[in-house]
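In what follows, a structure is listed as structure tokens, so that the remarks can point back to it.
Since we're looking at a predicted model, the values are computed, not measured. Below, each value reflects all heavy atoms present in this structure, side chains not excepted, and no hydrogens, waters or symmetry copies. Residue numbers start at 1 and run along the sequence shown.
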Amino acid sequence: MTLLNLGNMTNQLLEFKEIIRSKQIPNQRKPDKQTRKLLLYLFTSTRGGLTRLRIIINLLDQPYNTHQLAQKLELDYKAVQHHMKVLEKNNMVSKIGEKYGAIFHLSNFLEINIGALDEAIDKLDRKMNHKKVYL
């Protein structure tokens, strides 16, 4: 990954934080420990975390089907399909319809805990900007 790409991703993560903060419910209680662990795992501990975060950010505005998300994110359809299965399995998104035309939107669970993504974005940013130094 080039330095330019890393800078763009850092800017994108900062933009994501602002979007998440604008969607938070005032005086919302903190998520429980299990919810925090799940969100951190899905968005920071796996290789597809950034892609899943990009999907969630897009679903904040409106529902999409897999094809629409693949086009919007400029990703392979099969890759987006995989991430949608992971997000649905972990109750981050809900699906209306079946097969190709199924529309995805944020689950009630994620909408309630959207503020916890703030911490995941911070951790992802630190992870991406961490430089290994071998002495």
Is Val93 reachable from Ile96 through a run of I, L, V, M, F, W or Y residues, each pair having side-chain heavy atoms under 4.5 Å apart? no

Are Ile114 and Leu40 linked, directly or through intermediate hydrophobic residues, by side-chain heavy-atom contacts shorter than 4.5 Å (ILVMFWY only)? no

Under the side-chain hydrogen bond (donor to acceptor under 3.5 Å, both in side chains) rule, what pairs show up with a residue in residues 68-78, not counting sequence neighbours? His67-Gln71

Is there any side-chain hydrogen bond (donor to acceptor under 3.5 Å, both in side chains) pair reaching into residues 81-93, and which pairs are they, with sequence neighbours excluded? Arg52-His83

Nearest heavy-atom pair of [X] and [Y]: which atoms, and what distance?
X	Y	answer
Leu39	Asn113	CD1-O, 4.0 Å
Ile103	Pro63	CG2-CB, 3.3 Å
Leu59	Phe104	CD2-O, 3.4 Å

Between [atom1] of [X] and [atom2] of [Y], what distance do you get to the nearest 0.5 Å?
X	Y	atom1	atom2	result
Asp125	Ile121	CG	CD1	9.5 Å
Leu53	Leu117	CG	CG	6.5 Å
Leu110	Leu60	CG	CG	7.5 Å

Let's go through Met84 and Leu69 carefully: what are the C-alpha distance in whole Å and the side-chain angles of both, what is the deciding distance for side chain to side chain contact (heavy atoms under 4.5 Å, CB included) to 0.1 Å, and is it a yes or a no? CA-CA 10 Å; Met84 297 313 292; Leu69 279 168; 3.8 Å; yes

Tell me every residue that passes side-chain contact (heavy atoms from CB on, under 4.5 Å) with Leu75, counting only those two or more places apart in sequence or in another chain. Thr51, Arg54, Leu73, Val80

Sub-4.5 Å side-chain heavy-atom contact between Leu50 and Phe43: no

